[in-house]
Amino acid sequence: MAGNMGEPTIRSVGVIMDGNRRWAKAKNLFPWKGHEEGYQRLKDLIKWSKESGVQNLIVYAFSTENWKREKEEVSFLMNLARFVFGDSADSIRNEKIRVRCIGDLSRLSKDLQEAIAKTEKETADYEGITLYVCISYGGREEILQAIQEAAKKVPEKISAITEKEFEKYLYTAEIPDPDLIIRTGGEMRLSNFLPWQSVYSELFFTKTLWPDFSHEEFLSILSTFRERKRNFGV
């Protein structure tokens, strides 16, 4: 059901899925066990979002800074991505989820790039919720590449470019700015996640580690969001 009667539609939700490694450490497990459990929670989140009428879900899966982690952990995360966009893609299709990836995908292996492209193509016509996966993503890098692209495309009027025109060169050109951003794990910062797009997003920080994030907490956040008055600087 797309939300309750009378409730405003939430067009876009961003989620920083933080706390997988700490969750695993607290249970004396290897870090990748936290990532495995985190993936299960992502599948739950997609379901909860659909039920709540969320139209676009943007998740921070792997940042440009994450490339600096231990090689073993990075390798596991890339293999997990291969599973999500390969063997697990059938469940995405069955649920009619439109999938797009955002970030510097050129840094990914060729086979993973191909798996992502295949999933994007096969889900392109689905009209339900769209899942945007930020992988190899950095907000500052996104802005820099947008400046470079704009300078190449419209060099004669770059000094007069408007915000609306500039946004066409961002990874998120087709996505509404997030109405709200949720960060789990207790940290109270955005960590290079959608710096341009988040200027008027409502921010929600929870100490809950991502693998422990629950349906009840998600619904509570949406309820609190709907009670907030958004002035957009006016």
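Just so you know, residue 1 is the first one in the sequence shown, and it goes up from there. Keep in mind the model is a prediction, meaning the values are calculated, not measured.
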* Structure fact -> Sorted by chain and number, sequence neighbours left out, ring pair (Phe, Tyr, Trp, His ring centres under 6.0 Å) with Trp23 holds for none
* **Contacts of Glu70 that satisfy side-chain hydrogen bond (donor to acceptor under 3.5 Å, both in side chains) - sequence neighbours left out** => none
* Structure fact -> Only residue of Arg230, Arg226, Arg11 satisfying side-chain hydrogen bond (donor to acceptor under 3.5 Å, both in side chains) with Asp179 is Arg230
* What residues, two or more places apart in sequence or in another chain, satisfy side-chain hydrogen bond (donor to acceptor under 3.5 Å, both in side chains) together with Ser63? -> Glu65, Asn66
* Counterpart residues, ring pair (Phe, Tyr, Trp, His ring centres under 6.0 Å), relative to Tyr132 (two or more places apart) -> none
* Asked: Would you call Glu37 and Arg41 a salt bridge, taking side-chain N to carboxylate O under 4.0 Å as the test?
  -> yes
* Asked: For residues 146-183, which residue pairs qualify under ring pair (Phe, Tyr, Trp, His ring centres under 6.0 Å), counting only residues two or more places apart or in two chains?
  -> Phe166-Trp196
* Pair Glu95 + Lys50, salt bridge at N-O below 4.0 Å -> yes
* Which residues share a salt bridge (Lys or Arg N to Asp or Glu O under 4.0 Å) with Asp18, sequence neighbours left out -> Arg22, Arg183
* Asked: Quick one: ring pair (Phe, Tyr, Trp, His ring centres under 6.0 Å) partners of Phe30, sequence neighbours excluded?
  -> Trp32
* **Residue list, ring pair (Phe, Tyr, Trp, His ring centres under 6.0 Å) with Phe205, at least two apart or on another chain** => none
* **Pairs involving residues 106-117, ordered by first then second residue, that meet salt bridge (Lys or Arg N to Asp or Glu O under 4.0 Å) (sequence neighbours left out)** => Arg82-Asp111
* Structure fact -> By side-chain hydrogen bond (donor to acceptor under 3.5 Å, both in side chains), Arg189 pairs with (sequence neighbours left out) Glu187, Ser191
* **Carboxylate-amine/guanidinium proximity below 4.0 Å for Glu73 and Arg21** => yes
* To do: Applying side-chain hydrogen bond (donor to acceptor under 3.5 Å, both in side chains), run through Gln197 and Thr172 and close with a yes or a no.
  => CA-CA 8 Å; Gln197 301 86 345; Thr172 57; 2.7 Å; yes
* Structure fact -> Contacts of Lys118 meeting salt bridge (Lys or Arg N to Asp or Glu O under 4.0 Å) (sequence neighbours excluded), chain-then-number -> Glu122
* **side-chain hydrogen bond (donor to acceptor under 3.5 Å, both in side chains) involving Glu217 - partner list, sequence neighbours excluded** => Thr206, Thr208
* Asked: Do Glu36 and Lys33 sit within salt-bridge range, that is, some charged N less than 4.0 Å from a carboxylate O?
  -> yes
